[in-house]
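Here is the structure we will look at.
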Amino acid sequence: MKNKGEKSSVYPLNTYEVPRRTKPNRVFMLIYACGIIAIFYHHLTSLVFYSNHLLPSILLLIADLVLTFMWVISQAFRWCPIRRKVYPENLKKLIKEEDLPALDVFICTADPYKEPPMEVVNTALSVLAFDYPSDKISVFVSDDGGSQMTLFALMLGAKFAKYWLPFCRKRNLSKRCPKVVFDPNYDSDHQLKSCISQEEFLNMKALYEEMVTKVKHVMEQGYVDDDSIDNDEERHVFDKWKVNGFTRQHHPTVIQVLMESLKDIDVSGIPLPNLIYLSREKSKHFYHNFKAGALNALIRVSAVMSSAPIVLSLDCDMYCNNPQAPRLALCHLLDPVEGSKIAFVQFPQRYKGINPTDIYNNELTRPFIICAEGFDGIGIMNYVGTGPFINRKAFYGGPLQSKVNIFPGFNSDDESDLLANRKTMSSKLILEAANKVADCNYEQGTHWGLTLGFRYGSMVEDFFTGYRMLCEGWRSVFCNPTNPAFLGDFPISLNDSLVQVQRWSVGLIEVGFSKYCPLTFGTKNHSLLMGMAYSFGAFWPVLAIPNIIYGLLPQLFLIHNIYLFPKVSDKWFYPYAYLFSATYIQDFIESYYVYGITFKKWWNEQRMWLVRGVTCYSFSFIEFILSRIGISTPNFNITSKVINNEQQKRYDQEIFDFGVESPFFVALSTFALVNLVSFSFGIAKVIFMDGNLEELFVQLFLSGFVLVNCLPIYEAMVLRKDGGRMPTRVTLISLVITLLLCYATGFARK
């Protein structure tokens, strides 16, 4: 790699390097483009002079047009990728500890049964224990479910923090999430050595387990009973649920200051960070905009109560794995040259417990790491939902704005009073103002969600908001330390994984087919490379089109002795062979040699590309179209973080889980059966019917390629007897659809 990022300062905060593969990649682009041109020349000449099979030829042309479009815009990631390095040890040489900027942390949860309260507590405790001045940290937890169990768990977490934070600080623990430190599978010997005594470690573990037991008790009951409450102050808090009548149609705002730096200290006498619980007002008469609405309420409430210049947004299951994370981000945000132009520093999404071959491709290495380095080279790293350290000013407009009004809706006198009383965040004045900005009707007639805060209009509020910030003139940075900053949970069943990606896909399509389409709006307001890069994300789900066409059409026509591709001896066979092999070889070389991805993990990534194309990408298109014509579609669905022991066992053994009757699996099974029938027919034709292998080779190869990828599906249909096998009903429905497709293709031929 060539180092291109040396700073003039004696104590640089960051540098970057350009990989040596950049120039070879550009040469490859040119050669690959020649192959694409040859393919389209063949398409056009075939349509003009050999139009015996017009419909399939047009469909294959459409598939190649989509693949070409996606390939062209994806080259933005390979144009100038960079890798950054930060030097947090130099921060103290440039800024005093007491002058470090304050930090607000946003954690969102919405359902105590899908997002267990102890997960929320562990995430909160891990960030409260940052290696950062404790009086400069404020953690805001948004509970859109209005769950008293979540509040109860956070109350217990606040009590535990008084012991946990000095324990982590004094022992300088490298991991500060309690569930990780006390996990039997974790390197507890290392932790014990860092403690004064084993007894101290075990006492801390006992306190944690006591907290877990109490939370488990209220979760089993479904409410907080009087026996679980320790004092009258807590009892008064939970009486609100009884008095105000929380319902699905409406619940009022609840703001509870659980820890306050000016009032609370830990057992070592050091001030605790601030910890605030927020359940915003929600009513059936006002659309609440899901997570984006919750985050905007957090922006306003935190502006009133703390107004830190830096904001960290985290998913409730994404705990801090590296207590140095804030200082790593500040190496960019406090950069004397570029810092003032940076909207956010994005850490990659990383996960704990991924099995060795990542059978569901949950790591998403390509979008989260490989493409991210390409985004970063253009200065437009995308916001991926969790792990960004955000400049608060970026929520209020472009970097050139002269004055930021963080209190929209307040007059100057009110604003002065708030500023004077902000330090005492539990004061009546501050709490009243915070309640005001969390009301469900506060945004009516304002620019919130349009030009302020997180932007509405897409289910992927993270992608859309980051994109809009960049279009306003901000820059963004990708920070990928060797020790991951944050680690989270992931779906361990195939259906949950596909549901999650479908939700993302619908949101991406909403951006792609809006007036903010990156190819037009992004190019106009930023640059062509930016438009291309963000278009790849926004149009990601259109890969369903070539997946389905190439995965079904040649196979169905092979069954009826219709050949759609050149013979092996034909010169036009070679462009097809080159493009297919070059695509996979380049991808494998990049994954294996550059990023250290094993062959099996890489193969599973390719398999999941096919699986998603047939299932969640296709279904997201259907959902998007139905919503546009006014037909209701399923509401926002939270991915469950609850672990099923049987599913976990299968996942750890790298066995695919098909154990639910899902429309995804009907489509997937049909796809697999069509290719099995096609491949079997093709082989039988070659062996027993004197079939010309040269003519049917490409279609036979495509059938075989899909068949190999579908081996886990065939196994789940026929051989397996465990709870993850393919449901019999799904198999039968898929078989009927396969027969109908084969019959319909023969009828169309006539």
Mark yes or no for whether [X], through its side chain, and [Y], through its backbone, hold a donor-acceptor pair below 3.5 Å.
X      : Y      : value
Gln346 : Thr386 : yes
Ser458 : Gly507 : yes
Asp266 : Leu272 : no
Asn289 : Ala292 : no
Asp111 : Glu115 : no

Using a 4.5 Å cut-off on heavy atoms from C-beta on, say whether the side chain of [Y] contacts that of [X].
X      : Y      : result
Asp358 : Thr365 : no
Ile255 : Ile276 : yes
Glu338 : Arg475 : yes
Val127 : Leu314 : yes
Met259 : Pro273 : yes
Glu443 : Arg300 : yes
Ile597 : Glu363 : no

For salt bridge (charged side-chain N to carboxylate O under 4.0 Å, His left out), just list the numbers for Arg327 and Glu97, CA-CA rounded to whole Å, side-chain angles, deciding distance to a tenth of an Å, and then say yes or no.
CA-CA 11 Å; Arg327 298 178 187 271; Glu97 192 80 358; 2.6 Å; yes
For Asn321, give me all partners under side chain to side chain contact (heavy atoms under 4.5 Å, CB included), at least two apart in sequence or on another chain.
Lys175, Tyr319, Asn483, Pro484, Leu487
Applying side-chain contact (heavy atoms from CB on, under 4.5 Å), run through Leu151 and Leu258 and close with a yes or a no.
CA-CA 9 Å; Leu151 176 56; Leu258 303 176; 4.2 Å; yes
Acceptor/donor pairs from residues 155-168 side chains to any protein atom, 3.5 angstrom cut, sequence neighbours excluded:
residue	atom	partner	partner atom	Å
Lys159	NZ	Asp230	OD2	2.7
Lys159	NZ	Glu234	OE2	2.7
Trp164	NE1	Arg176	O	3.1

Are the aromatic ring centres of Phe106 and Phe454 under 6.0 angstrom apart?
no
Could you check, using the six-membered ring where one of them is a Trp, whether Tyr383 and Phe464 have ring centers closer than 6.0 angstrom?
no
Are more than 12 heavy atoms, taken from residues, nucleotides or ligands other than Lys216, located less than 6.0 Å from that residue's NZ atom?
no
Once you round to the nearest 0.5 Å, how far does NZ of Lys291 lie from CG of Asp144?
11.0 Å
Using the rule given for salt bridge (charged side-chain N to carboxylate O under 4.0 Å, His left out), can you reason through Glu98 versus Lys136, listing the C-alpha separation, both sets of side-chain angles and the distance that settles it, and then say yes or no?
CA-CA 9 Å; Glu98 59 268 23; Lys136 292 181 178 290; over 6 Å; no
